[in-house]
Structure formats: C-alpha cells, structure tokens
Q: 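Encoded as structure tokens, here's the structure I'll be asking about.
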Protein chains: 2
Amino acid sequence: MHQPEHLKSAGLKSTLPRLKVLDLFENSKERHLSAEDVYKQLLASGEDVGLATVYRVLTQFEQAGLLVRHHFEGGKSVFELNKGDHHDHIVCLQCGHVEEFHDPAIESRQQKVATGLGFAIRDHSLHIYADCTKKKCPHKR
Amino acid sequence: MHQPEHLKSAGLKSTLPRLKVLDLFENSKERHLSAEDVYKQLLASGEDVGLATVYRVLTQFEQAGLLVRHHFEGGKSVFELNKGDHHDHIVCLQCGHVEEFHDPAIESRQQKVATGLGFAIRDHSLHIYADCTKKKCPHKR
DNA sequence: ATGCAAATGATAATCGTTCTTATTTGCATT
DNA sequence: AATGCAAATAAGAACGATTATCATTTGCAT
Ligand SMILES: [Mn+2]
Ligand SMILES: [Mn+2]
Ligand SMILES: [Zn+2]
Ligand SMILES: [Zn+2]
C-alpha cells in the first residue's frame, strides 16, 4: 500500500479510503478513470468504499493537485494522476482508448489567438475524437 | 415566422414547436443556447412548448445538421446554428460569453499529430477558458 | 372532411453527482 | 495503551440535466 506521507504532504489526513484510491491510480492499467471506474475497481478488488466517498476523495485530490479532471464527451468526469506536465487527448472512437500528446505549436497558437482577442488564458481543453487507422484497432478494452 | 420549407428540406415535418425553436436560433441575441435557454426564452415570449419537446427537437436538428452541439464545462449541452464552417471557442470565465475563432495553423497541427499517432480525425473540440483583459469585462450577461 | 402516422406535452424515470446525517476513524493528548 | 474530538466515512436522499413513457393532439396525404 501507499505511504501516508504522500497524502499528509498534500494537506490531507491519511485515511484508508484515500490511500486505496491513490493506490488504484498508481497501479491501474488505465490512466484515465471515472468515479464509477474507481468505485467498481475497488469493489472488484475486495476493498469497499462508499461511492459518495469516491466522489469526495476525487474532488479533494483534484483540489490538492494530485489528480487532474477532464470532461470528455459522454458527460462523466475522468481523472488521471497529475504528472505536472500539460497534455491534450485523442480518444479512439472504436474502443475508447485515450492517447496523450503535446504539441508546442498548438499551445503557442492558442496564446496568440487568445491574446489577439483580448483574453488571458486560464485553462483549455483539446480533445480529438478519431478512428484508429491500424487494420484492427489495437486498443481492445 | 420561419418558412416550413427549411424543415421539410431537412427531412423534418414542419410543426409549430420546430418552427418556434428554429426561429429562436435565427433571431436570438446569443448564438449559443442550452435546452433550458431555449425553453425559457420561448416561455418568456408567450410561446409555450414542452421542455421534453425542446430536448427532442434540439437533438433532431442536430442530427439533421441544422444545429451543432457543444459540451462546454458545466455539464449542459449548448447548441448553435450550423453555419457550415468549423470554429473553436473561447469562453470568458467572468461572464460566460463565448467568442469564436478559427486558426488554420492549429487545425493543421492537429491533423499532423493525429496522423503521426495512427488516427483519422472524426471530430475535435478546442475550448479555451479565459479572463477578459479589458478593464471591465465588456460581456455583461 | 377523414384517417392515421408522427409529434407533442405531462410526467415518470434515469444518470451522474452532491448533500445530509448518523456513525466511525485518525491521531493528538493523556 | 486508553481517551476525546474534529474530521472523514457510508448510506441514502436529493439534485439537475436529460431521456423514456404514453395518452392526446396535429400535420398532412387522401
Ligand atoms: Mn491524460
Ligand atoms: Mn460557436
Ligand atoms: Zn493543450
Ligand atoms: Zn478546431
């Protein structure tokens, strides 16, 4: 299991549900998880946390900077560990797999555009929805 | 009021609620409207349509290509008339005003990135959330 | 004017998420 | 190690946006 210090240093007291959730993100196969994903995976591995707690903990982790929240299509929020970097996402329409990318040219053009319109960027989201061109979509879920 | 032909040519039978909704989009001050916006504006102008009908009609118009749907932060869908072009959005965090822009450099970089990763783009969304830099945010709601 | 498939509107149901509250837990202090 | 208490949890109710149900109405071809 995870070390309590990780949470303490984030200003959160080290509780069992929080450690379990953090652990899941560190060890999960998928980087991007919804509240429901987290809840079900914890149940599946025998750990039982309340769904409300999962929602609360995810929001707290987001505020503490441990997780980043994304709003892909489909309505539900998905979270991932905050690696400190910024990246955008390309979502495979066949299997839902999420690929990450970072393009400095895109980022700097955004700055140009926003500045030109008299805005100071606070945040942005770029989501590309696409089909995998490989013969068989390699990202089976 | 609007001409029934606009709907007929879109493969939709010309009904009163549909004409009212289409009319609202053609004449509304705001380009980007949520279902609730449409419902309330219709009620306010004396026209009474059921909320369920508004939702149904918006989805039908989207499928018919008359409207485009966007998912900004805040959960609810917003719609705008399909001008045939593609553009991205910058949302003012103070007042919620939505500004549109199109940057060919950004668009072509997206293609490059997606192709490089083995994807064929079907759709994308780029939302910039920003503060207006003018002394007083000019977009009062 | 008639008939009927299609559309509407009132309401119930659903989904993701947040709120409420009684109970439990982490942890600092004895 | 036992105590006390603020903070966190779990269960379920409540919520807001959206969709489904279904009896009634309407567009429109005959
Ligand atoms: Mn990511
Ligand atoms: Mn627009
Ligand atoms: Zn980016
Ligand atoms: Zn674009």
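Naming: A, B, ... by sequence-line order, numbering from 1 per chain.
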Q: Is there a donor-acceptor pair under 3.5 Å between the side chain of Asp37(B) and the backbone N or O of Ser34(B)?
A: yes
Q: Nearest 0.5 Å, please: how far is CG in Leu66(A) from CG in Asn82(A)?
A: 8.0 Å
Q: How many angstroms lie between NE2 in His70(B) and CD in Glu73(A), if you round to the nearest 0.5 Å?
A: 11.0 Å
Q: Could you run through nucleotides 9-14 of chain D and give me one letter per nucleotide, 5' to 3': B if any protein heavy atom sits under 4.0 Å from the base, S if only the sugar-phosphate is that close, - if neither?
A: BBBB--
Q: Which part of the nucleic acid does Ser34(B) contact within heavy-atom distance under 4.0 Å: base, sugar-phosphate only, or nothing?
A: nothing
Q: Starting at the 5' end of DNA chain D, write a dot or bracket for each base, bracketing those in Watson-Crick or G-U wobble pairs whose two distances are under 3.5 Å and using | for partners on another strand.
A: ||||||||||||||||||||||||||||||
Q: For Glu36(B) and dA17(D), what is the distance between atoms CD and P respectively, to the nearest whole Å?
A: 6 Å
Q: Rounded to whole angstroms, how far apart are OH on Tyr39(B) and C1' on dG16(D)?
A: 15 Å
Q: Phosphate oxygens OP1/OP2 of dT18(D): is one of them under 4.0 Å from a side-chain N or O of Tyr55(B)?
A: yes
Q: Answer with yes or no whether the hydrophobic clustering places Val91(A) together with Phe101(A); edges join I, L, V, M, F, W, Y residues whose side-chain heavy atoms lie under 4.5 Å apart.
A: no
Q: Any luck finding a side-chain donor-acceptor pair between His87(A) and Glu80(A) under 3.5 Å?
A: yes
Q: Under 3.5 Å, is there a donor-acceptor pair between the side chain of Arg18(B) and the main chain of Leu12(B)?
A: no
Q: What residue among His102(A), His71(A), His32(A) forms ring-ring contact (aromatic ring centres under 6.0 Å, His included) with His89(A)?
A: His32(A)
Q: Would you mind telling me which of Thr53(A), Asp48(A), Val21(A) makes a side-chain contact (heavy atoms from CB on, under 4.5 Å) with Leu42(A)?
A: Val21(A)
Q: Walking along DNA chain C from 5' to 3', note the first and the last nucleotide with an atom under 4.0 Å from a heavy atom of chain B, and give both.
A: dA6(C) to dT11(C)
Q: Transitively linked via ILVMFWY side-chain contacts under 4.5 Å: Phe72(A) with Leu117(B)?
A: no
Q: Is a side-chain donor-acceptor pair under 3.5 Å present for His86(B) with Glu107(B)?
A: yes
